[in-house]
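All heavy atoms count here, side chains included; hydrogens, waters and symmetry mates do not.
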Amino acid sequence: MIAARLGRVMGAVALLGLLGACSTAPDDRSGGSRSREWDKQAGAPEAAAFMKVDVPADATEVKGARQLNFQDDSYLLSFATSPEVAEAIGKQFEGQGPLEAKAPLATPIPPGTPFAHLGLAEPDTLRGVRWAGVCPPCVKDEQRRHIQWIEVYLQQLDADRTRVYLRAW
């Protein structure tokens, strides 16, 4: 009886650990002495390499960064490209569901948010942005199994250009 109860408890602990591994990180990822510092040597090439994303040849306004955090570093990548190429990139990250319209946040975003470091507005403050996110290990994405979470935002700039925002940790 004790062994059965212990087995159930251990199973529950294991399940919680698995669920935690496939969940998104909290909004405030601060903590420790490394929080909110930026790796001055890392830019778009390093972010693209970490995310295993090919920046399109026609991309403009290519920007990237690596934020040093207490537990897991965050990588940011943004660029403008054709709507067709942006859609293809977005489809790579539809593991939890298709790209969906995201209403802009109702509350103001404080200064110093990640994409502000790149001179960009936070994508979830913009109108008309579509979003998708995925836990690569949860969907058995072997190419990106080292990434806990990756999300993509697509913002149509005009008929010929769409801005792609990518954030991963």
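- Closest of all the heavy-atom pairs between Glu151 and Trp131 is OE1-NE1, 3.4 Å.
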Do Arg130 and Gln156 pass the side chain to side chain contact (heavy atoms under 4.5 Å, CB included) test, and can you show the C-alpha distance, the side-chain angles, and the key distance before you say yes or no?
-> CA-CA 9 Å; Arg130 292 181 305 128; Gln156 189 163 352; over 6 Å; no
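- Rounding to the nearest 0.5 Å places CD1 of Ile150 at 11.5 Å from SG of Cys135.
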Please lay out, stage by stage, how Asp73 and Gln67 fare under the test side chain to side chain donor-acceptor pair (under 3.5 Å).
-> CA-CA 6 Å; Asp73 294 344; Gln67 186 179 36; over 6 Å; no
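- We find that Glu46 and Arg66 are not joined by a salt bridge, their nearest charged nitrogen and carboxylate oxygen being 4.0 Å or further apart.
- Summarising the local packing, CD of Gln143 is surrounded by more than 12 heavy atoms from other residues, nucleotides or ligands at distances under 6.0 Å.
- Within the 4.5 Å cutoff, the side chain of Glu87 has heavy atoms near those of the Leu99 side chain.
- Residues Phe115 and Tyr75 do not share a hydrophobic cluster, clusters being chains of Ile/Leu/Val/Met/Phe/Trp/Tyr side chains in contact below 4.5 Å.
- Follow the hydrophobic side-chain contacts under 4.5 Å out from Trp169 and you never reach Val134; the two are in separate clusters.
- No side-chain heavy atom of Pro123 sits less than 4.5 Å from a side-chain heavy atom of Gln155.
- Val85 and Leu157 end up in different hydrophobic clusters when Ile, Leu, Val, Met, Phe, Trp and Tyr side chains are linked at under 4.5 Å.
- Here the side chains of Ile89 and Pro56 are in contact, with some heavy-atom distance below 4.5 Å.
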So Arg163 and Thr81, side chain to side chain donor-acceptor pair (under 3.5 Å) or not? Walk me through it.
-> CA-CA 6 Å; Arg163 177 171 305 287; Thr81 187; over 6 Å; no
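- Each of Tyr153 and Val164 belongs to its own hydrophobic cluster when Ile, Leu, Val, Met, Phe, Trp and Tyr are linked at side-chain heavy-atom distances under 4.5 angstrom.
- Pairing each heavy atom of Ala65 with each of Leu118, the nearest pair is CB-CD2, 3.8 Å.
- We find that Glu142 and Lys52 are not joined by a salt bridge, their nearest charged nitrogen and carboxylate oxygen being 4.0 Å or further apart.
- Across all their heavy atoms, Ser82 and Asp58 have their closest contact at N-OD2, 3.6 Å.
- Side-chain contact between Lys63 and Phe79 is absent, with no heavy-atom pair separated by less than 4.5 Å.
- Taking the six-membered ring where tryptophan is involved, the planes of His117 and Trp38 are essentially parallel, since the angle between them stays under 30° and well short of 60°.
- A donor atom on one side chain and an acceptor atom on the other are found under 3.5 Å apart for Arg144 and Gln92.
- Among all heavy-atom pairs drawn from Pro136 and Gln148, the shortest one is CD-O, 3.9 Å.
- Listed here is the closest heavy atom pair of Pro104 and Thr125: CB-O, 3.6 Å.
- Using a 4.5 Å cut-off on side-chain heavy atoms (C-beta onward), Leu76 and Leu166 make no contact.
- Annotation: Asp158, atom CG; neighbour count of heavy atoms from other residues, nucleotides and ligands within 6.0 Å is above 12.
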Phe93 and Val53: CA distance, side-chain angles, deciding distance, side chain to side chain contact (heavy atoms under 4.5 Å, CB included) verdict | CA-CA 11 Å; Phe93 306 105; Val53 170; 3.9 Å; yes
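- Atom CG of Leu120 sits about 10.0 Å away from atom OG1 of Thr113, to the nearest 0.5 Å.
- Of all non-hydrogen atoms in Ala159 and Pro83, the two that sit nearest each other are O-CG, 3.5 Å.
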In sequence, state the C-alpha distance, the side-chain angles, and the governing distance for Trp149 and Asp72, and then conclude on side chain to side chain contact (heavy atoms under 4.5 Å, CB included).
-> CA-CA 11 Å; Trp149 183 257; Asp72 300 307; over 6 Å; no
Test log, rule side chain to side chain contact (heavy atoms under 4.5 Å, CB included), inputs Tyr165 and Glu122 | CA-CA 9 Å; Tyr165 292 85; Glu122 285 300 312; over 6 Å; no
